Novice: 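Following this message is one structure expressed as structure tokens.
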Amino acid sequence: MEEPTKSTHFIRNIVIDDLDSGKHESIVTRFPPEPNGFLHIGHAKSICLNFGLADEFGGRTHLRFDDTNPLKENEDFAQSIMNDVRWLGFEWDALHHASDYFDQLYAWALHLVDEGLAYVDSQDADTIRAQRGTLTEPGINSPYRDRPTAENRDLFERMAAGEFADGEHVLRAKIDMASGNINLRDPVLYRIINAPHHRTGDTWHIYPMYDWAHGQSDAIEQITHSLCTLEFEDHRPLYEWYLAHIPAPSQPRQIEFARGNLNYTVMSKRRLRQLVEEGHVDGWDDPRMPTLAGLRRRGYTPESIRAFWGEMGVSKSESIIDMGVLENAIRNDLNDRAPRAMAVLDPIKVVLLNYPEGEEEFLEAALHPKDESMGTRQVPLSRELWIERHDFMEDPPRKYFRLKPDGEVRLRNAFIIKCVDVIKNDAGEVTELQCEFDPDTRSGMPGANRKVKGTIHWVSAKHAVAAEVRLYDRLFNVANPLADKDTDYLAHLNPDSLTVIDTAWVEPAALEGDGPAYRQFERNGYFIPDEKDSTADKPVFNRTVTLRDTWAKVGNR
RNA sequence: UGGGACGUCGCCAAGCUGGUUAAGGCACGGGGUUUUGAUCCCCGCAUUCGCAGGUUCGAAUCCUGCCGUCCCAGCCA
């Protein structure tokens, strides 16, 4: 039906070249999260890239947990990550952990020691930092740099055996303290951490640093293309130095691409964690969060997120994508798939004066205006209805198509009504609209094609189900909360990012059926029952996204 | 006065081994259809590719020099 968007980009071109030239018979990619937080929409870009490439070219993709820091990582995060990757629609060909390679990594470190390419430094962290130099000045050599090999080996083995306290020693590569690339100024391979690891338990007292673990893990797994984000460009020379100085089982290539950022939110695990831990949001899966768990709870589909990243492409220029593009992706998806229903969020009562009291009927209404295969639903109707408060104006502006005194409007899926009287309370507020309906214009009747300007949605008061509705707005009220270095990004939190409405009325059919749970509440947007709080007694709907609203746009001008 | 990268329409982003009209999506503007002011359908939307020179019959694409932005000084990843 649709032309698949062939997203061509530089990494895809590299893969094609490598396949064409015979450098690789097939490709192996990997998605390497650290299990220290939840995945967000930015990670989804990497997931789609890695798994997408392998899928397209018949390769394989590994899920590998970069679990080299036992102080920050845990199994719960690992579980949430696996859950999110699967939810996004991908299945790894193999599951690995950097911690699976601790023995091999240790052996290779010993190899570097024996080759005179690594040494044990017994200075503290502050001293090592001071000796590293600055961005413009070279560092100076550690006094331990020329420690005899035998001594290095002895010390390193005893580090591994747990004979020392945290921070007492460190194993460093012997590269170049004067390098313009700070990563090459004798980087640390191992630090002592006397803490149990969530997978290896008490086996280790030393843990490898990212740089020492990552490329080697890639090599072990025969990864062909190791895709990472731009901030690791500086690390590539080190990545390659390590692979060149050990008997590497393969030579993976690191390629960097730009992270995917969105405006009006933040996208670092550190900040997302802060939002959670300080209670600015309800948890990692708060529907306002850009986490996959949050987006899922908000009602985003995996298809929409994959389509979004497919459209965005992959490049090396840092970018902040407009939220509107993501919203467009979910609207596109849900427009095709969401069954329609009616719900009134801010109700005002309508009484049909010429509708018999005590009577009721059921109207058949399409579940989708353009897709008959989705079938129909029964919509109950009776004398008293709820309509949206803003669908009536006593003194409307020009071009207001909705209900007004003596005006006519069509009730969606039903008939045309005319407002004949407006009832107000002592405060002058409208409390009820008395209307007359035109039975000839009932859907399906010959007179139904009579035209009126407006069509509004409604629910039968007698049959409607009370529901809570949660409306969401952007989490921050400025496009880039991090732009101003002098202001804490938390100061830009949008106080109105969540609006809870507990007065909503929903048509019964919206709660039935074993089809998808998401719905389009016509004219109000796309909604999904909240996966945690919604119950049969008290349904709770999250608004995923509004519909496009050109009328509101006119009003704002 | 260090090293690495990036700069094509408001936001993304093709094109960048030079060849003549600078893809596409979002946003935006205009029109049509419509029992969702939704959807859908048309149409419009960069004489210009950070700037300045140069090479060339011809440059977003090559060269030079500027300017701007981002990343790096964790025993984090």
Side-chain angles (χ1 to χ4, degrees), chain A residues 5 7-9 32-34 36 66 68-69 71-73 121 124-125 128-130 132-139 166-172 178-185 188-193 206-207 209-211 213-214 228-237 256 258 260 263 269-270 311-329 331-332 335-336 340 342 365 368-370 399-402 410-416 441 443 448-457 479 520-525 546-554:
Chain A
T5 334
S7 65
T8 172
H9 54 75
E34 180 186 16
N36 70 338
D66 231 328
T68 56
N69 187 344
L71 267 19
K72 296 186 173 182
E73 299 147 6
D121 196 334
D124 62 34
I128 289 176
R129 182 179 310 117
R132 188 146 36 223
T134 69
L135 294 179
T136 53
E137 301 158 27
D166 289 12
E168 251 187 275
H169 306 282
V170 87
L171 184 73
R172 291 227 259 170
S179 173
N181 182 343
I182 293 180
N183 291 302
L184 262 21
R185 319 241 263 229
V188 172
L189 276 76
Y190 278 99
R191 74 288 213 190
I192 297 169
I193 300 177
I206 56 172
Y207 292 93
M209 297 288 289
Y210 163 83
D211 287 300
H214 203 93
C228 63
T229 45
L230 253 27
E231 68 270 26
F232 291 103
E233 278 175 320
D234 288 346
H235 294 242
R236 189 171 359 111
E256 311 85 13
N263 62 187
K269 266 194 279 190
R270 195 203 110 217
E311 287 165 14
M312 287 303 84
V314 180
S315 76
K316 297 191 71 162
S317 58
E318 313 248 14
S319 60
I320 300 178
I321 301 160
D322 195 310
M323 262 296 215
V325 184
L326 215 210
E327 293 178 342
N328 177 65
R331 284 196 188 102
N332 265 340
N335 178 51
D336 289 342
R340 310 289 131 124
M342 295 192 286
H368 191 106
K370 295 196 167 181
K399 290 197 172 176
Y400 182 81
F401 301 158
R402 283 103 103 143
R410 162 151 238 124
L411 292 185
R412 169 115 243 225
N413 299 125
F415 38 56
I416 293 170
T441 59
S443 295
N449 53 14
R450 204 184 113 204
K451 302 295 181 195
V452 286
K453 261 305 193 181
T455 297
I456 64 173
H457 58 95
Q520 182 196 102
F521 289 159
E522 287 187 297
R523 305 210 305 138
N524 268 322
T546 62
L547 260 29
R548 269 198 201 84
D549 189 348
T550 52
W551 170 244
K553 224 180 284 177
V554 170

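Atoms considered below: every heavy atom in the structure, side chains included; atoms not considered: hydrogens, waters and symmetry mates. As the structure is a computational prediction, the values presented were derived from the model and not from experiment. Letters A, B, ... mirror the listed sequences (proteins, then strands); counts begin at 1.
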Novice: To the nearest Å, how far apart are H9(A) NE2 and G25(B) P?
Specialist: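 About 19 Å, once rounded to whole Å.
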Novice: Report yes or no: is there a donor-acceptor pair, N or O only, under 3.5 Å between the side chain of R523(A) and the base of U36(B)?
Specialist: no
Novice: Counting only Watson-Crick or G-U wobble pairs whose two distances fall under 3.5 Å, which nucleotide matches G58(B)?
Specialist: none
Novice: Give a yes/no answer on whether the side chain of R340(A) brings an N or O atom under 4.0 Å of OP1 or OP2 in A38(B).
Specialist: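 Result: no.
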Novice: Any side-chain N or O of R172(A) below 4.0 angstrom from OP1/OP2 of G74(B)?
Specialist: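 R172(A) to G74(B) OP1/OP2: no side-chain N or O under 4.0 Å.
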Novice: Looking at D234(A), is its backbone amide N or carbonyl O close enough to the side chain of N181(A) to form a donor-acceptor pair, meaning the two atoms are under 3.5 Å apart?
Specialist: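 It does hold such a pair.
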Novice: Can you check the E231(A) CD to A73(B) P distance for me, whole Å?
Specialist: 11 Å
Novice: Between T441(A) and U35(B), is there a side-chain N or O to OP1/OP2 distance below 4.0 Å?
Specialist: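 For U35(B), OP1/OP2 do not have a side-chain N/O of T441(A) under 4.0 Å.
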Novice: Please confirm whether the shortest side-chain N or O distance from S315(A) to OP1 or OP2 of A13(B) is below 4.0 Å.
Specialist: yes
Novice: Are any of T550(A)'s side-chain N or O atoms less than 4.0 Å away from OP1 or OP2 of A38(B)?
Specialist: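 T550(A) to A38(B) OP1/OP2: side-chain N or O found under 4.0 Å.
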Novice: If the cut-off is 4.0 Å, is T68(A) near the phosphate of A77(B), judged by side-chain N/O to OP1 or OP2?
Specialist: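 For A77(B), OP1/OP2 do have a side-chain N/O of T68(A) under 4.0 Å.
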Novice: G4(B) P sits how many Å from D234(A) CG, rounded?
Specialist: 9 Å
Novice: Which part of the nucleic acid does L135(A) contact within heavy-atom distance under 4.0 Å: base, sugar-phosphate only, or nothing?
Specialist: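 Base, at least one base atom sits under 4.0 Å.
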Novice: Using the C1' atom in both, what is the distance from U8(B) to U55(B), to the nearest Å?
Specialist: 22 Å
Novice: Would one find a side-chain N or O of R191(A) under 4.0 angstrom from OP1 or OP2 of C76(B)?
Specialist: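 Answer yes for this pair, as a side-chain N or O of R191(A) is under 4.0 Å from OP1 or OP2.
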Novice: Determine which nucleotide pairs with G53(B), using a 3.5 Å limit on both distances of a Watson-Crick or G-U wobble pair.
Specialist: C63(B)
Novice: Pick base, sugar-phosphate or nothing for F521(A), based on heavy-atom distances below 4.0 Å to the nucleic acid.
Specialist: nothing
Novice: Tell me the partner of U69(B), counting only Watson-Crick (N1-N3 plus N6-O4 or O6-N4) or G-U wobble (N1-O2 and O6-N3) with both under 3.5 Å; none if nothing fits.
Specialist: A5(B)
Novice: Tell me whether the OP1 or OP2 atom of G37(B) has a side-chain N or O from K553(A) closer than 4.0 Å.
Specialist: no
Novice: Between the side chain of E73(A) and the main-chain N/O of N69(A), is any donor-acceptor distance below 3.5 Å?
Specialist: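 Yes, because the side chain of E73(A) sits within donor-acceptor range (under 3.5 Å) of the backbone of N69(A).
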Novice: Which comes earlier along RNA chain B counting from the 5' end, the contact point of I192(A) or that of K453(A), where each point is its nearest nucleotide?
Specialist: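 Residue closer to the 5' terminus by nearest nucleotide: K453(A).
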Novice: Run the salt-bridge test on R236(A) and E256(A) with the 4.0 Å N-O cut-off and return the result as yes or no.
Specialist: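 Result for this pair is yes, salt bridge flagged.
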Novice: What nucleic acid atoms does M342(A) come within less than 4.0 Å of, heavy atoms only: base, sugar-phosphate, or nothing?
Specialist: nothing
Novice: Return the value, rounded to whole Å, for the distance between atom CG of N183(A) and atom C1' of G2(B).
Specialist: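 Checked: the CG to C1' distance equals 13 Å.
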Novice: Please verify the inter-ring angle class for Y210(A) with H214(A); under 30° counts as parallel, over 60° as perpendicular, anything in between as tilted.
Specialist: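 Ring orientation of Y210(A) relative to H214(A): tilted.
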Novice: Should A46(B) form a Watson-Crick or G-U wobble pair with both distances under 3.5 Å, which nucleotide is its partner?
Specialist: none
Novice: Could you please name the partner base of U21(B), counting Watson-Crick and G-U wobble pairs only when both distances are under 3.5 Å?
Specialist: none
Novice: Is the base of G74(B) syn or anti, if syn means a glycosidic angle within 90° of 0?
Specialist: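 Chi for G74(B) falls in the syn range.
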Novice: Which part of the nucleic acid, if any, lies within reach of N413(A) when heavy atoms closer than 4.0 Å are counted: base, sugar-phosphate only, or nothing?
Specialist: base
Novice: Which base, if any, makes a Watson-Crick or G-U wobble pair with A38(B), both distances under 3.5 Å?
Specialist: none
Novice: Pick base, sugar-phosphate or nothing for F415(A), based on heavy-atom distances below 4.0 Å to the nucleic acid.
Specialist: nothing
Novice: Tell me the interatomic distance from R236(A), atom CZ, to A5(B), atom C1', rounded to whole angstroms.
Specialist: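 Result: 10 Å.
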